[in-house]
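Step one of this worksheet: look at the structure below.
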Number of protein chains: 2
Amino acid sequence: MIHTPAARQGPIETDAVIVGAGPVGLFQVFQLGLLEINAHVIDSLPHPGGQCAELYPDKPIYDIPALPLCTGRELTDRLLKQIEPFGATFHLGQEVTEVRKLEDGRFHVMTSSGLRFLTRTIFIAAGVGAFQPKQLRIEGLDKFLGRQFFYSADSAGDVTGKHIVIYGGGDAALECAINLLGASNTTVDAHAGKPASVVLIHRRDVFQAEPALVATLKALCDARAMQFTVGQITGYEESGGILTGVEVTVPDGTLRRVPLDMLLVFLGLSPKLGPIADWGLALERKQLTVDTETFSTSMPGIFAVGDINTYPGKKKLILCGFHECVLAAFGAAPLVFPDKKIQLQYTTTSPRLHKLLLESVHLHNQ
Amino acid sequence: MIHTPAARQGPIETDAVIVGAGPVGLFQVFQLGLLEINAHVIDSLPHPGGQCAELYPDKPIYDIPALPLCTGRELTDRLLKQIEPFGATFHLGQEVTEVRKLEDGRFHVMTSSGLRFLTRTIFIAAGVGAFQPKQLRIEGLDKFLGRQFFYSADSAGDVTGKHIVIYGGGDAALECAINLLGASNTTVDAHAGKPASVVLIHRRDVFQAEPALVATLKALCDARAMQFTVGQITGYEESGGILTGVEVTVPDGTLRRVPLDMLLVFLGLSPKLGPIADWGLALERKQLTVDTETFSTSMPGIFAVGDINTYPGKKKLILCGFHECVLAAFGAAPLVFPDKKIQLQYTTTSPRLHKLLLESVHLHNQ
């Protein structure tokens, strides 16, 4: 997989941008690849796989044809292997924020990280929408967002000498606490100094996290390297425009004050249609309406595949999304190659497809 | 897999008959099974897998989603495993010869073996049509068909003491010769006596057959248990209404007479739309037209999935057929369960589907 190069000036010119790196977005890479259309893939999550990888990585799926049983993680891995020959570029951890049609028929696409694209076609494979952190809704608290209050450890900056409160009970919350204390080999920033204190707050004393993380957390608490408090954050305290603490309601109903310099919140992710709703495409109950011949949306050049689209008979199944990718790819081909006659060829018999599929595989195997 | 029970009187009553046991027909079993609709599957070939198993069992397919590479044989095996929980009944080696709509809305279906069904729904997954033996076209020879001239060893009857000529150079021809001589462990009928002689005729001295079969054949010829002749059958001889021999044109252009009591011809299989063309369904260039909401043909209750159907945007890919199976199953459900509201459930989360998928698997594992 090729990731975004570090920094660049002008927009990236391409034939196709795929919005969403779930199973259907990944298979769209494959179907475009067979037609020799290279794609850039954008996803709000930091890894490919979408819902499958985020919500049920280890749960079995039984209805992918010819895979009697596979997990979300396995499905993602298999698709990544399948699309390897086509060398798509992935731009992860960012959302598409703007899509604008240009006079020459191309689209200008911008992401939340400031990346820009000029593309002939767009494939929306955004499933239930972009995954975003579930918010901690306490009136007035948002004014500290990005300064002392964060939904991601990466964006929090230097923690050296600070009193940190982490709120949540999943993998992300526990990983953050463990990383901040330098108790893991996978510390995000090995150069950062240690915080003055770390307090983890979670509404229950049961964690929805990997057993290894829970064991490490317990060991850290036992060694008094950090503290754990059961309770819900129900308020905050400030002084002179600075967040100074949170108010925690503990299980017996009493309130407790926990002082802090920085609040890191990990309440899980929930999907949101997000900016796609504002692109001016025809919607029906928050789904993009498409025609079943090409899976084009109401705007020529923008296609929608997978759970985000709707049409008569639509069933929200991954395997249906796969079919939609085929017809969308053929729908897009005349826009990318206006002068070429595009014909269906079979991977079993076509020398052209063998060359595409196998020469690159050989490259990858080197 | 459950096969046709030996003999039965009345028609088999069922909710669904699937015509075609190729990959799409097999996946139709799965999608109907999830909706608790049991199916009977009919195919002209003696084994499931259709074109995949017949034409390219060992060739790689690269475009089945999440299966970066698999052969036709492997695809078939995987699908058979996946549909195991649903215990479909297979009726192989026979074609559907007649479909008639009854007054109560059901269909009467009859096969070339005389099996009869009363069914609420029919799913045509017949691909490029029913595979039928390629014919040996020699004027006048057909009058011996079914008496001394056969396209299948099974239908030939007793060979004891007879002079047999086998024509062809593929697996089927070689297997037939080897079986007739009792040189294989998989003799079709162990009780049958041996023929007086066996002559294999093939247009070349190279066989398109498994190396093990070719080796056995050579050993049998070396041991003079049988003979092999290179040439093409170009005529025949008869006496008193009895076929007495064939005329073979050998490579140098001369004619040779080979006497016989029975002629068995194996020139391979070719697909034919066959009787489906006469069922009164709307066709477009020999394809059944369907609506893309339910994949219903022009006759309510008859659905068409896979390569045999056509609609705007249609691509003849196995993976598209899989999608069509889903919508066809949901299209059929109201006909089978007129009083039930059918909702899509997910195999990952539905306890009902887990029960269906897993309890039967346990049964099979016993």
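Within every chain, numbering begins at 1; the chains are lettered A, B, ... in the order of the sequence lines, protein sequences first and strands thereafter. These numbers come from a predicted model, not from an experiment.
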- Query: What's the spacing between His323(A) NE2 and Thr292(B) OG1 if we round to 0.5 Å?
  - Reply: 8.0 Å
- Picking from Thr71(B), Val326(B), Thr76(B), which has the most non-hydrogen pairs under 4.5 angstrom with chain A? Val326(B)
- Message: Counting heavy-atom pairs closer than 4.5 Å to chain A, which one of Lys316(B), Glu324(B), His354(B), Glu74(B) comes out on top?
- Response: Lys316(B)
- Measuring from Asp63(A):CG to Phe322(B):CZ, what's the distance to the nearest 0.5 Å? 12.0 Å
- Query: Which heavy-atom pair separates Leu327(A) from Cys320(B) by the least distance, and what is that distance?
  - Reply: CD1-SG, 4.3 Å
- Pair count under 4.5 Å, heavy atoms only, with chain A: among Ile64(B), Leu75(B), Asp77(B), Asp291(B), highest is Ile64(B)
- Item | Contact origin within Gln31(A) toward chain B - heavy atom pairs under 4.5 Å | side chain
- Among Gly72(A), Gly331(A), Pro312(A), residue most engaged with chain B (heavy-atom pairs, under 4.5 Å): Pro312(A)
- Message: As an exercise: rank Gly313(A), Cys70(A), Pro23(A), Pro60(A) by heavy-atom pairs under 4.5 Å with chain B and give me the winner.
- Response: Gly313(A)
- Message: Any non-hydrogen side-chain atom of Leu317(A) less than 4.5 Å from a side-chain atom of Leu344(B)?
- Response: yes
- Query: Is it the backbone or the side chain of Phe295(A) that comes under 4.5 Å from a heavy atom of chain B, or both, or neither?
  - Reply: neither
- Item | Test side-chain contact (heavy atoms from CB on, under 4.5 Å) applied to Leu34(B) and Tyr62(A), step by step | CA-CA 10 Å; Leu34(B) 292 180; Tyr62(A) 299 95; over 6 Å; no
- Message: Please report the interatomic distance NZ(Lys81(B)) to CG(Leu69(A)), rounded to the nearest 0.5 Å.
- Response: 8.5 Å
- Per-residue contact mode, Ile61(A) against chain B (heavy atom under 4.5 angstrom): both
- Out of Tyr311(B), Phe330(B), Phe30(B), which one racks up the most heavy-atom pairs below 4.5 Å with chain A? Phe330(B)
- Item | Enclosure of Gln345(A) CD (heavy-atom neighbours >12, cutoff 6.0 Å) | yes
- Query: Just how far is it from atom CG of Leu67(B) to atom CD of Gln82(A), taken to the nearest 0.5 Å?
  - Reply: 7.0 Å
- Task: Please flag which part of Pro65(A) lies under 4.5 Å from any non-hydrogen atom of chain B: side chain, backbone, both or neither.
- Result: both
- Picking from Leu79(B), Leu319(B), Leu26(B), Ile83(B), which has the most non-hydrogen pairs under 4.5 angstrom with chain A? Leu319(B)
